[in-house]
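A short write-up of the structure that comes next.
Model, not experiment: these values are computed from the prediction. To find a chain, count down the sequence lines: A is the first, B the second, and so on, and within it residues start at 1.
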There are 2 protein chains.
Amino acid sequence: MKGYLWAPSAATQSHSASGGWESMAIDAVGNVIEFWGFKRNQGRVWALLYLRDEAMTAADIEKELELSKGGVSMLIRDLERWGVVLRVRLHGDSSWHYRAETDLMQMARRVIEEREFTFIARIRADLAEARKLAEQDPATPKPKIERIRKMESVAEATETALTIFLKTSRFDVGAMFERFRG
Amino acid sequence: MKGYLWAPSAATQSHSASGGWESMAIDAVGNVIEFWGFKRNQGRVWALLYLRDEAMTAADIEKELELSKGGVSMLIRDLERWGVVLRVRLHGDSSWHYRAETDLMQMARRVIEEREFTFIARIRADLAEARKLAEQDPATPKPKIERIRKMESVAEATETALTIFLKTSRFDVGAMFERFRG
DNA sequence: CATATAGTTCAAGCCGTTTTGAACTGCATG
DNA sequence: CATGCAGTTCAAAACGGCTTGAACTATATG
């Protein structure tokens, strides 16, 4: 959620990728994924592998996406850890090849789930703690405590939004309805 | 959506604000708001004014939050522009005083609405354009076009999620149901 | 085992964003 | 109209995250 300044759309063309449209699509995925709080290039690597639908070497990726050796290594490590890229050994070749595995959305959901929820939970805890302390001090005026409570509700709303957000990314619409039924 | 590394919770204590709990609450708000893609200190300034529930001068804010003169000026300008902080002239005093106005959520929704939607719309347009070009080239294999389409659906899902997310922040649950009814 | 090539690590550099602080503007007051 | 204080502006500094590339490790091959 930080992307709000933008280079002209058609600007990033011609790289080394086949058609201009291929890198256009790849960059687009990079942008969505960055929006979700991941690195742009993680999205680009995944998109390249997914689009090509073939096992590529790190050297290939490095060349196509104009990234550094070390960078590719780290990006792939992340993607592997998240299970969206698979490392395969190809018949006679001595080097590793990489292949896009699952849908990106799945991994985005999983990672955001563990990452952002702890984050929001921490904020909520801090606010709860602050309110507890405020309540303990008899000098604190009642309305002030009420305002802290209001602030807590902002954090709660954020958490709710995030929950729904993740549920949606799972396309599990049913579960979302349940939330408002109980 | 980029906050995932964190300093110890109890660390930021004791500033100059009255109780430790006050700055704890203020920082918490700063963190939520940063999560939504705004500046941490925009959230902190708003939170201070909201918690105190009184009109404060820029100098007060500067002191309480340990910010620079210039910084406070710019932060307040932003908050004013968004309509969450109001500038008032107090009886005999020659300087301006500032007061928290609306609920933060409202402004977050408004700003995100205009900012993030254009962002996602642009990504979708790029992907659509890429697919169009791919389709025009007869050499492009059908499955590849299908994969671009799949990528488009990721962007679409993101947009949907964002919509629901904003609707939720408006607590307009009814409208959200409509979305899946039509 | 020597050599070559693939892959990893991490300190240093780069780059975009935020903050600072000094110069400046505007305004009220004596 | 000189003085002082509130508020603004903006270039430079600080900060933080990402990427680079050189040194290093691991692995395959003759």
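When each of B/Ile76 and A/Gly71 is assigned the nucleotide of DNA chain D with its nearest heavy atom, B/Ile76 is the one assigned upstream, toward the 5' end. Judged by closest nucleotide on DNA chain C, A/Tyr98 is the one of A/Met74 and A/Tyr98 placed further toward the 5' end. Two residues, A/Ser68 and A/Ser94, neighbour DNA chain D, and the one matched to the more 5' nucleotide by heavy-atom proximity is A/Ser68.
Hydrophobic cluster membership differs between A/Met74 and A/Leu67, with clusters built from Ile, Leu, Val, Met, Phe, Trp and Tyr side chains linked at under 4.5 angstrom.
Five base pairs at each end of the helix from C/dC1-D/dG30 to C/dG30-D/dC1 define two local axes, and these are offset by 10° (rounded to 10°).
At a threshold of 4.0 angstrom between heavy atoms, the contacts of B/Lys39 are confined to the sugar-phosphate backbone, with no base atom among them. Residue contacts shown for A/Ser95 are limited to sugar-phosphate atoms, with no base heavy atom under 4.0 Å away.
If you measure from atom CZ of A/Arg40 to atom C1' of C/dC15, you get 14 Å, rounded to the nearest angstrom. Regarding B/Leu75, its CG atom lies at a distance of 13 Å from the P atom of D/dT9, rounded to whole Å. The distance between atom CZ of B/Arg81 and atom C1' of D/dT8, rounded to the nearest whole Å, is 14 Å. Protein atom CG of A/Leu90 is 17 Å distant from nucleotide atom C1' of C/dT5, rounded to whole Å. What separates NE2 of A/His97 from C1' of D/dA28 is a distance of 14 Å, to the nearest Å. Whole-Å rounding puts the B/Trp96 CH2 to C/dT25 P distance at 21 Å. Rounded to an integer number of Å, the gap from B/Asp60 CG to D/dG7 P is 10 Å. The interatomic distance linking A/Arg44 (CZ) with D/dT19 (P) rounds to 9 Å, in whole Å.
With respect to A/Asp53, the salt bridge (charged side-chain N to carboxylate O under 4.0 Å, His left out) criterion is satisfied by exactly one of B/Arg147, B/Lys142, B/Lys144: B/Arg147.
Between A/Trp46 and A/Leu104 the shortest side-chain heavy-atom distance falls below 4.5 Å.
Using the six-membered ring where Trp is involved, A/Trp82 and A/Phe38 have ring planes that are perpendicular, over 60° apart on the 30 and 60° scheme.
Residues in residues 83-95 of chain B take part in these salt bridge (charged side-chain N to carboxylate O under 4.0 Å, His left out) pairs, two or more places apart or across chains: B/Glu80-B/Arg87.
Within residues 82-89 of chain B, the residues having any heavy atom closer than 4.0 Å to DNA chain D are, in order of number, B/Arg87.
In this structure, the side chain of A/Gln42 engages the main chain of A/Lys39 through a donor-acceptor pair within 3.5 Å. Although no hydrogens or angles enter the test, the distance criterion places no donor-acceptor pair under 3.5 Å between the side chain of B/Ser153 and the main chain of B/Glu156. A donor-acceptor distance shorter than 3.5 angstrom exists from the side chain of B/Arg44 to the backbone of B/Leu65, with no hydrogens or angles considered. B/Thr140 contributes a side-chain N or O that, together with a main-chain N or O of B/Ala134, makes up a donor-acceptor pair within less than 3.5 Å.
In this model, the phosphate group of C/dT19 is approached by a side-chain N or O of B/Asn41 to a distance below 4.0 Å at OP1 or OP2.
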